[in-house]
Chemist: 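Please see the structure below; I have some questions.
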Number of protein chains: 2
Amino acid sequence: MFDENPVTSADKTFMDMRNAIVEGRIAAGAKLNEAELSTTYEVSRAVVREAINRLETCHLVERKPNVGARVVQLTKQGLLQIYQVRESLEGMAARLAASNMSDQDVSDLKALLDNHKQTVEGGESYYQEAGDVDFHYRIILGSKNQQLISLLVNGLYHLIRMYRVQFGMAGPRVSTAFDEHKNIAMAIANRDEELAEMLMRRHIMYSRRNIESKLVEG
Amino acid sequence: MFDENPVTSADKTFMDMRNAIVEGRIAAGAKLNEAELSTTYEVSRAVVREAINRLETCHLVERKPNVGARVVQLTKQGLLQIYQVRESLEGMAARLAASNMSDQDVSDLKALLDNHKQTVEGGESYYQEAGDVDFHYRIILGSKNQQLISLLVNGLYHLIRMYRVQFGMAGPRVSTAFDEHKNIAMAIANRDEELAEMLMRRHIMYSRRNIESKLVEG
DNA sequence: TGGGTCTATATTGTCGACACTTTCTGCTAA
DNA sequence: TTAGCAGAAAGTGTCGACAATATAGACCCA
């Protein structure tokens, strides 16, 4: 959904590694050994290094000169900081989307939610997750602000996914979240910038609180 | 101010190229030829490629597979989009700084402004620019939100500088901006989160308008 | 003359080898 | 016993060469 097809070998290695990290097959905090990875993925070290560079760009790994790269550590504090940033940026995205989305964009968004509704009623949690990501993704694109799009899509989204997957919070708040989505879409359709931003910020805030409560339990 | 000393050869090349781009010695929109750059900076192509990767990370260049990298094009629209994002992110930084800065941080900030005042009265425009960057930088750090810090410092700030330098807007609004800084610092010292955010957002908005008016003239 | 194909050239992508730095290990000496 | 210092091992940084791809230009044909 996010990425075009990988054209170069480094593209593919980057995506493979990214998925491995997001899904925890490469553990959080783990050291990345270039030689080892190059045999695993059957490419040269140069390709692995290129892939690691890009992983660093989307904040999934951290590098230290002459020492190496590690997968980021997942912490409660880190998660909350991401949600703080998300609230601000996606709130803004919703506001901009309300003024910049084309009518076509808006009806596509509604159609997405209709589709989504079916699967929610079916109760399939994976599709719920995917649907949620897709919804947010479209609003980000709808902002038509390239800087914002780049920051969120290339910069934060995979990290968010990583937290969701590894903290085991796929498909929370299913029907509630769906209603929130519907209201946001409505505000955007009405070109109500202020309301769209407010609803999006609250939507993300609720999501954060939901996660916080789970973390305290866990 | 921003960066530690370069430890590796790629670090140095990256910084050199970054300055060259920000200051326009490598023109906006220019194609980056790896072989050529490798002779210019007297390093291997691998090092140049690494540097280009990092330049891409801070949005100063764009790469296309099998084609190459170009310096970003500066457009009025792009500038406005950056300022939109800045308003949101730095507003948030100011709010977080008001709650998270240590008392020591706050007095350092005040001291900075006092120093700054002297140079403003001296009327030295270069120091004005540097002082402005430094002020904003401290508030960003004061937010203590790593994600936010990374997005702004590694992701946006050099691009902003590039616009400022190449659109020839060094040292605008000198004394006005200084007063705004003072008010923001005051709000932070009073731990008034809401006011700090609002003042910062307006400060950046004024700055944007100032630039917009210059652009229409130019 | 215009369009299209094919070749030649330039440029990026990938590779394996070597250089340098860090880290581990075992030894020496107080 | 332990602190500290070699020396070895492991890992990252850098390099030059080769492979694959895209671009530019010549040539052909309608």
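Letters A, B, ... are given to chains in the order of the sequence lines, protein chains preceding strands, and every chain is numbered from 1. Nothing here was measured: the structure is a model prediction, and the numbers come from that model.
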Chemist: Under a 4.0 Å threshold between the charged nitrogen and the carboxylate oxygen, would A:K110 count as salt-bridged to A:D114?
Modeler: no

Chemist: Can you give me the first and the last nucleotide of DNA chain D (5' to 3') that has an atom within less than 4.0 angstrom of a non-hydrogen atom in chain B?
Modeler: D:dG13 to D:dT23

Chemist: To the nearest Å, give me how far apart CD (A:E50) and P (C:dT12) are.
Modeler: 13 Å

Chemist: Give the ring-plane orientation class for A:H136 versus A:H181, where under 30° counts as parallel, over 60° as perpendicular and anything between as tilted.
Modeler: perpendicular

Chemist: Using whole Å, report how far CD of B:E36 lies from P of C:dA10.
Modeler: 13 Å

Chemist: Name the residue closer to the 5' end of DNA chain C, choosing between A:V47 and A:N66 according to the nucleotide with the nearest heavy atom.
Modeler: A:V47

Chemist: Once you round to the nearest 0.5 Å, how far does CD of B:E87 lie from OG of A:S88?
Modeler: 10.5 Å

Chemist: Any idea which heavy atoms bring A:N33 and A:A35 closest together, and the distance?
Modeler: OD1-N, 3.0 Å

Chemist: Using whole Å, report how far OH of A:Y41 lies from C1' of C:dG13.
Modeler: 20 Å

Chemist: Atom CZ of B:R45 and atom C1' of C:dG13: how far apart are they, to the nearest Å?
Modeler: 7 Å

Chemist: So, OP1 or OP2 of C:dT12: does either fall under 4.0 Å of a side-chain N or O from A:T8?
Modeler: no

Chemist: For B:L37, report the nucleic acid contact type (base, sugar-phosphate, nothing); a contact means any heavy atom under 4.0 Å.
Modeler: nothing

Chemist: Counting any heavy atom closer than 4.0 Å, what does B:I52 reach on the DNA or RNA strands: base, sugar-phosphate only, or nothing?
Modeler: nothing

Chemist: Ring centres under 6.0 Å, that's the criterion: do B:H59 and B:H158 meet it?
Modeler: no

Chemist: Using atom types as modelled and distance alone, determine if a side-chain donor or acceptor of B:S143 lies under 3.5 Å from a backbone N or O of B:I139.
Modeler: no

Chemist: Rounding to a whole Å, what distance do you find between B:K64:NZ and C:dT12:C1'?
Modeler: 15 Å

Chemist: For A:E34 and C:dT14, give me the distance from atom CD to atom P, rounded to whole Å.
Modeler: 15 Å

Chemist: Any ion pair linking B:R63 and A:E50 (charged N to carboxylate O, less than 4.0 Å)?
Modeler: yes

Chemist: Is there a side-chain contact between A:S9 and the phosphate of C:dT14, meaning an N or O under 4.0 Å from OP1 or OP2?
Modeler: yes

Chemist: Starting from the 5' end of DNA chain D, give me the residue, A:A46 or B:P65, whose nearest nucleotide shows up first.
Modeler: A:A46

Chemist: Pick the closest DNA chain C nucleotide for A:S44 and for B:N33 by heavy atoms, then say which residue is nearer the 5' end.
Modeler: B:N33

